[in-house]
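Structure first, then comments.
Note on naming: letters A, B, ... go to the chains in the order of the sequence lines (proteins, then strands), and numbering restarts at 1 for each one. Only a predicted model underlies this, so the values are computations on that prediction, with no experimental measurement involved.
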There are 2 protein chains.
Amino acid sequence: MLFSKTCEYGIRAAVYIASQHDKDYKIGITEICEKIEAPRHFTAKILQILTREGLVSSQKGVNGGFFMDEEQMNRPLIALVEAVEGTEALSRCGLGLRACSEKEPCPLHNKYKAIRTNIASMLTGITIGDMAKKLQKGSSFLKIA
Amino acid sequence: MLFSKTCEYGIRAAVYIASQHDKDYKIGITEICEKIEAPRHFTAKILQILTREGLVSSQKGVNGGFFMDEEQMNRPLIALVEAVEGTEALSRCGLGLRACSEKEPCPLHNKYKAIRTNIASMLTGITIGDMAKKLQKGSSFLKIA
DNA sequence: TAAATAAAAGATGTTTTTGTCCTTTATTGC
DNA sequence: GCAATAAAGGACAAAAACATCTTTTATTTA
Ligand code: FES
Ligand code: FES
């Protein structure tokens with residue numbers, strides 16, 4: 001409902017990579033997809049985008065894989081969502097009018113606007129690193145056991 | 001982001017029909033689609049669903065068309081959304097885990113749960129008739145001029 | 001330098017969503 | 001009863017989302 005599959009897998013993959021930040025090796029696509037229960041080739045494509053956008057780092061070749069530095073872990077979740085879904089997704093009209101506007105609002109505008117604001121602050125108020133920390137603490141999960 | 005196209009067109013169509021409730025004639029698909037700026041045949045399909053579910057009434061033949069009675073206008077918006085999107089849409093995990101659960105929550109669970117609750121109360125707290133009224137008052141719109 | 005490895009890139013395939021078109025059925029007015 | 005009308009239903013088509021497979025490129029290590 002809220003996110004596309006692309007976005008869901010992208011978030012889960014990034015959070016898993018971040019959660020392995022303290023490891024001394026880089027994380028391969030096979031391990032990532034096992035741990036987040038996501039389709040391998042599809043997720044590889046998504047990680048290509050995230051890498052291109054600088055949200056995740058990667059290295060080819062032997063002992064290569066994906067990894068994230070402190071700066072990348074401190075990016076708010078909204079950066080990843082916008083990289084994947086585009087920046088307009090968070091400002092469009094809830095009923096699909098050509099634009100969301102105060103001058104010609106749809107009948108859901110007032111209530112929807114508030115919700116959209118809540119979503120934006122959720123995505124701005126949490127970093128990939130924050131989410132990774134929850135994982136490490138064992139207080140949250142990226143797949144159901 | 002929030003609704004599918006099917007749902008968006010469905011809501012707009014239903015609200016328009018409700019807004020014409022005081023008219024003494026039934027509303028044809030052609031008029032509806034002009035007024036809400038939606039694809040004609042696709043919207044006709046959606047109205048078939050809404051009619052089948054009893055959210056909207058219809059009559060075939062000469063001077064036929066779509067209409068709604070008071071009871072239908074008093075249905076909360078969530079009834080329409082659930083008829084179109086299914087009832088699970090509002091309870092699934094924001095990150096796409098197989099289930100949303102308190103025992104094995106995703107890293108977004110706490111914040112997302114609150115938003116989902118807001119969405120549910122938005123959809124429960126407004127009826128098709130309420131939305132139609134806004135339209136009649138001229139304080140909201142189903143397409144941009 | 002050669003072999004092994006792992007991501008990048010690109011081609012291709014499947015499924016779902018979105019959208020159109022044509023035929024059938026029910027209803028009305030003459 | 002008959003013609004006109006409008007929704008219902010079903011078949012089909014296009015586009016987007018989701019997913020897989022193969023080849024290429026970069027890197028490491030022996
Ligand atoms: S106009 Fe529809 S959400 Fe603002
Ligand atoms: S577990 Fe993800 S939203 Fe509840």
Side-chain angles (χ1 to χ4, degrees), chain A residues 1-14 16-17 20 23-34 36-68 81 84-86 88-89 92 95-96, chain B residues 1-14 16-17 20 23-34 36-68 84-86 88-89 95-96:
Chain A
M1 199 165 188
L2 191 57
F3 301 124
S4 64
K5 283 288 167 201
T6 302
C7 202
E8 288 177 356
Y9 297 144
I11 295 170
R12 276 153 59 194
Y16 179 72
I17 295 166
Q20 303 301 303
K23 298 286 198 307
D24 57 349
Y25 60 89
K26 304 188 183 69
I27 319 298
I29 187 68
T30 306
E31 173 178 347
I32 293 168
C33 291
E34 268 164 17
I36 71 172
E37 212 167 48
R40 191 201 144 109
H41 298 285
F42 190 47
T43 304
K45 283 281 173 226
I46 299 165
L47 280 173
Q48 277 179 35
I49 297 169
L50 298 184
T51 301
R52 212 178 298 137
E53 300 282 334
L55 290 157
V56 166
S57 299
S58 71
Q59 178 149 21
K60 290 183 180 178
V62 177
N63 296 321
F66 297 92
F67 60 100
M68 288 173 78
V81 173
V84 168
E85 313 261 28
E88 339 71 46
R92 59 185 295 278
L95 288 191
Chain B
M1 197 166 190
L2 192 56
F3 300 123
S4 65
K5 283 288 168 201
T6 303
C7 201
E8 287 176 358
Y9 296 144
I11 295 170
R12 275 152 61 192
Y16 179 73
I17 294 166
Q20 303 299 302
K23 297 285 200 307
D24 57 348
Y25 60 89
K26 304 187 181 70
I27 319 298
I29 187 68
T30 307
E31 174 179 345
I32 293 168
C33 291
E34 269 164 16
I36 71 172
E37 212 168 46
R40 191 201 146 111
H41 298 284
F42 190 48
T43 305
K45 284 279 173 232
I46 299 165
L47 280 173
Q48 276 180 36
I49 297 168
L50 298 185
T51 301
R52 214 177 297 137
E53 300 282 334
L55 290 156
V56 165
S57 299
S58 72
Q59 178 149 18
K60 290 182 179 179
V62 178
N63 296 322
F66 296 92
F67 60 99
M68 289 173 79
V84 168
E85 313 260 30
E88 338 71 47
L95 288 191

Grab the CG-P distance between B:Leu50 and D:dA7 for me, whole Å please. 14 Å
Spacing of B:Phe67 atom CZ relative to D:dA7 atom P, expressed in whole Å: 11 Å
Base, sugar-phosphate or nothing for A:Ile29? Non-hydrogen atoms, less than 4.0 Å. sugar-phosphate
Please evaluate the base of C:dA9 for a donor-acceptor partner in the side chain of A:Gln48 within a cut-off of under 3.5 Å? yes
If you assign each of A:Gly61 and A:Pro39 to its closest nucleotide in DNA chain D, which residue comes earlier from the 5' end? A:Pro39
Would you indicate which nucleotide in C:dT20, D:dA7, D:dT27 comes nearest to any side-chain atom of A:Lys60? D:dT27
How close or far is atom C1' of C:dG19 from atom CD of B:Glu8, stated in whole angstroms? 15 Å
Keeping A:Arg12 on the side-chain end and B:Leu95 on the backbone end, is there a donor-acceptor pair under 3.5 Å? yes
Only one of A:Ser4, A:Cys33, A:Pro39 passes side chain to side chain contact (heavy atoms under 4.5 Å, CB included) with A:Tyr9, and that residue is A:Pro39
Counting the atoms with a prime plus P, OP1 and OP2 as sugar-phosphate, which does B:Thr51 contact under 4.0 Å by heavy atoms, base, sugar-phosphate, or nothing? sugar-phosphate
Give B:Lys45 one of three labels, base, sugar-phosphate or nothing, depending on what nucleic acid heavy atoms sit under 4.0 Å from its own. base
When rounded to whole Å, the CZ to P distance for the pair A:Arg52 and C:dA8 reads 9 Å
Checking all strands, does B:Thr6 fall into the base, sugar-phosphate, or nothing category for heavy-atom contacts under 4.0 angstrom? sugar-phosphate
Closest to the B:Phe66 side chain: C:dC21, D:dC18, D:dA8? D:dA8
Note: B:Glu31-B:Lys26 ion pair, threshold 4.0 Å (strictly below): no
Side chain of B:Val62 only, heavy atoms from C-beta on: which candidate in D:dT20, C:dT27, C:dT18 is closest? C:dT27
Winner on side-chain proximity to A:His41, out of D:dC18, C:dG19, D:dT22, is D:dT22
Whole angstroms only, please: what is the CZ-P distance between A:Phe3 and D:dA17? 16 Å
Just the rounded figure in Å: distance from P of C:dT5 to NZ of A:Lys26. 17 Å
Rounded to the nearest 0.5 Å, what separates atom OG1 in A:Thr43 from atom CD in A:Glu37? 11.5 Å
In this structure, how many angstroms lie between the C1' atom of C:dG19 and the CG atom of B:Leu47, rounded? 15 Å
Looking at B:Asn63, I'd like to know whether one of its side-chain N or O atoms comes within less than 4.0 Å of OP1 or OP2 on C:dG29. yes
Heavy-atom check, side chain of A:Phe67 versus side chain of A:Gln59, under 4.5 Å: yes
Can a side chain N or O of B:Ser58 be found less than 4.0 Å away from OP1 or OP2 on D:dA6? no
Here the pair of heavy atoms bringing A:Ile27 nearest to A:Gln20 is CD1-CB, 3.5 Å
Where the side chain of B:Phe42 is concerned, which of C:dT27, C:dT20, D:dA19 is the nearest nucleotide? C:dT20
Counting any heavy atom closer than 4.0 Å, what does A:Ile27 reach on the DNA or RNA strands: base, sugar-phosphate only, or nothing? sugar-phosphate
Answer yes or no: does a side-chain N or O of A:Tyr9 lie under 4.0 Å from OP1 or OP2 of D:dC18? no
Whole-Å distance, A:Lys5 NZ to C:dT16 C1', equals 13 Å
